[in-house]
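First up is the structure itself, then whatever we jot down about it.
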Protein chains: 2
Amino acid sequence: MVAAERIARDLRGRGLRLTRQRRVILEALQNTKAHPDAYTLFRDVKRVLPRVSLATVYRTLSVLTKMGFVREVESSGPFARFDGRLDPHGHITCSACGRIADVELPDISEIPARAMVDGPFKVTGCRVELTGLCASCAGRSKRKNGARRQA
Amino acid sequence: MVAAERIARDLRGRGLRLTRQRRVILEALQNTKAHPDAYTLFRDVKRVLPRVSLATVYRTLSVLTKMGFVREVESSGPFARFDGRLDPHGHITCSACGRIADVELPDISEIPARAMVDGPFKVTGCRVELTGLCASCAGRSKRKNGARRQA
DNA sequence: GTATGTGCAAACCCTTTGCAAAGTG
DNA sequence: CACTTTGCAAAGGGTTTGCACATAC
């Protein structure tokens with residue numbers, strides 16, 4: 001989580017601006033653990049900025065991701081999903097409902113050192129993604145859909 | 001890698017057939033380490049079956065994935081990419097050109113046990129995805145595009 | 001005041017699907 | 001011979017983009 005002032009400064013450093021839309025979208029993402037997709041975020045942000053457009057949400061997510069203030073996480077479904085948390089951690093995705101939860105991995109930073117890469121690569125990042133069943137989906141019998149729009 | 005006869009038997013067990021197209025597509029995927037996307041596979045398969053359609057490649061990948069003879073791997077770009085290798089291993093994706101290589105991780109099966117999941121999840125799978133730069137991209141200065149169609 | 005950002009709507013493009021013909025067991 | 005599969009082309013659907021207006025600094 002990065003403070004608004006630093007964000008504004010970093011953006012300005014690249015000739016970009018911290019607009020109201022960008023601030024609200026970033027805060028919405030930082031204040032949830034649900035790893036929402038763009039449309040879900042759009043609906044949330046609309047409660048604060050009723051005239052915001054989905055295109056702005058997409059463009060803002062693109063800017064914030066490129067700046068490194070936000071990360072895209074793997075999703076089992078067709079929508080890209082985002083995370084406002086930046087410190088090293090993993091995720092688990094429910095294969096029935098698409099829910100994504102955080103996973104703490106104490107030795108995640110040691111994984112690259114133990115990895116034997118097939119080819120000459122310079123490693124720059126590491127992500128660990130578990131799959132599983134959340135409590136509610138484990139309860140009911142297995143469902144059809146792998147990733148409904150819900151965050 | 002699963003032998004053709006077992007595949008045929010398993011498919012038949014579900015009322016499905018191992019057609020020439022399916023066999024060729026599966027073999028193409030099993031014989032490459034490039035983790036191709038559907039279109040790349042389509043072009044490769046076309047050399048053997050010139051009249052094959054892209055829709056068949058997509059449908060076949062869907063069937064083979066559901067049957068567990070093939071896996072979809074994360075891709076940094078907009079195309080889904082596939083892997084014919086089934087034993088536990090990781091991947092590294094070049095963030096410049098999208099190339100994907102295998103990564104051997106001796107203790108990958110122990111990761112779920114060490115993971116502290118935020119919520120009641122039943123863990124069923126684990127994937128480790130590194131990002132980095134392949135040799136050719138590390139050489140030239142950093143490029144724009146994150147995932148051209150090349151496998 | 002000027003360059004960046006936004007809203008709207010249309011375009012994009014990977015993937016899926018409907019349908020008639022072909023193929024499998 | 002019944003039922004699955006294929007090829008073709010069109011539709012789907014998440015995301016991106018062009019453009020005129022609004023806004024940040």
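Just so we're on the same page: letters track the sequence lines, and every chain starts at 1.
Ranking D:dC19, C:dC14, D:dT15 by closeness to the A:Ala38 side chain, first place goes to D:dT15. Side-chain proximity of B:Tyr58 to the nucleotides D:dA24, D:dG14, C:dT16 is greatest for C:dT16. Considering only side-chain atoms of A:Arg51, the nucleotide from C:dC19, C:dC8, D:dT5 that sits closest is C:dC8. Of the candidates D:dA24, C:dG7, D:dT15, D:dT15 carries the atom nearest the A:Ala80 side chain, counting heavy atoms from C-beta on. When the nucleotides D:dA9, C:dG7, C:dC14 are ranked by their closest atom to the side chain of B:Ala55, D:dA9 comes out on top.
Atom CZ of B:Arg14 and atom C1' of D:dT5 are 17 Å apart (whole Å). If you measure from atom CZ of A:Phe79 to atom C1' of C:dT15, you get 14 Å, rounded to the nearest angstrom. Summarising the geometry, the separation between CE on B:Met67 and P on D:dT4 is reported as 15 Å, rounded to the nearest angstrom. A straight line from CG of A:Leu11 to C1' of C:dG5 spans 12 Å, rounded to a whole angstrom. Here the P atom of nucleotide C:dT6 and the CG atom of A:Leu64 are 10 Å apart, to the nearest Å. Rounding to whole angstrom units, CG of residue A:Leu41 and P of D:dG14 are separated by 16 Å. The separation between A:Arg81 atom CZ and D:dG14 atom C1' is 14 Å, rounded to whole Å. A straight line from NZ of A:Lys66 to P of D:dT16 spans 9 Å, rounded to a whole angstrom.
Judged by distance alone, the side chain of B:Ser95 and the main-chain N or O of B:Gly132 form a donor-acceptor pair under 3.5 Å.
Side-chain atoms of A:Arg59 come within donor-acceptor range of the base of D:dG18, with a qualifying N/O pair under 3.5 Å. For B:Arg22 against C:dG23, no side-chain N or O and base N or O form a donor-acceptor pair under 3.5 Å.
Between A:Glu5 and A:Arg12, none of the side-chain N atoms (NZ, or NE/NH1/NH2) sits under 4.0 Å from a carboxylate O, so this pair counts as no salt bridge. A salt bridge does not link A:Lys33 to A:Asp102: none of the charged side-chain nitrogens sits closer than 4.0 Å to a carboxylate oxygen. The pair B:Arg23-B:Glu27 fails the salt-bridge criterion, with no side-chain N (NZ, NE, NH1 or NH2) lying under 4.0 Å from an Asp/Glu carboxylate O. Contact check on A:Lys66 versus A:Glu72 returns no salt bridge, with no Lys/Arg side-chain nitrogen under 4.0 Å from an Asp/Glu carboxylate oxygen.
Distances shown here put a side-chain N or O of A:Thr19 below 4.0 Å from the OP1 or OP2 atom of C:dT6. In this model, the phosphate group of C:dG7 is approached by a side-chain N or O of A:Thr56 to a distance below 4.0 Å at OP1 or OP2.
At the heavy-atom level, B:Arg12 lies nowhere under 4.0 Å from the strands shown. Nucleic acid contact for B:Arg20: none, since no nucleic acid atom lies under 4.0 Å from a heavy atom of the residue.
Note on ring orientation: taking the six-membered ring where Trp is involved, the planes of A:Phe42 and A:Tyr39 are tilted (angle from 30° to 60°).
Toward the 5' end of DNA chain C, the nearer of the two residues A:Leu49 and B:Gln21, judged by each one's closest nucleotide, is A:Leu49. Taking the nucleotide of DNA chain D with the nearest heavy atom to each of B:Val52 and B:Gly15, the more 5' of the two is matched to B:Gly15. If B:Arg17 and B:Leu54 are placed on DNA chain C by their nearest nucleotide, the residue sitting closer to the 5' end is B:Leu54.
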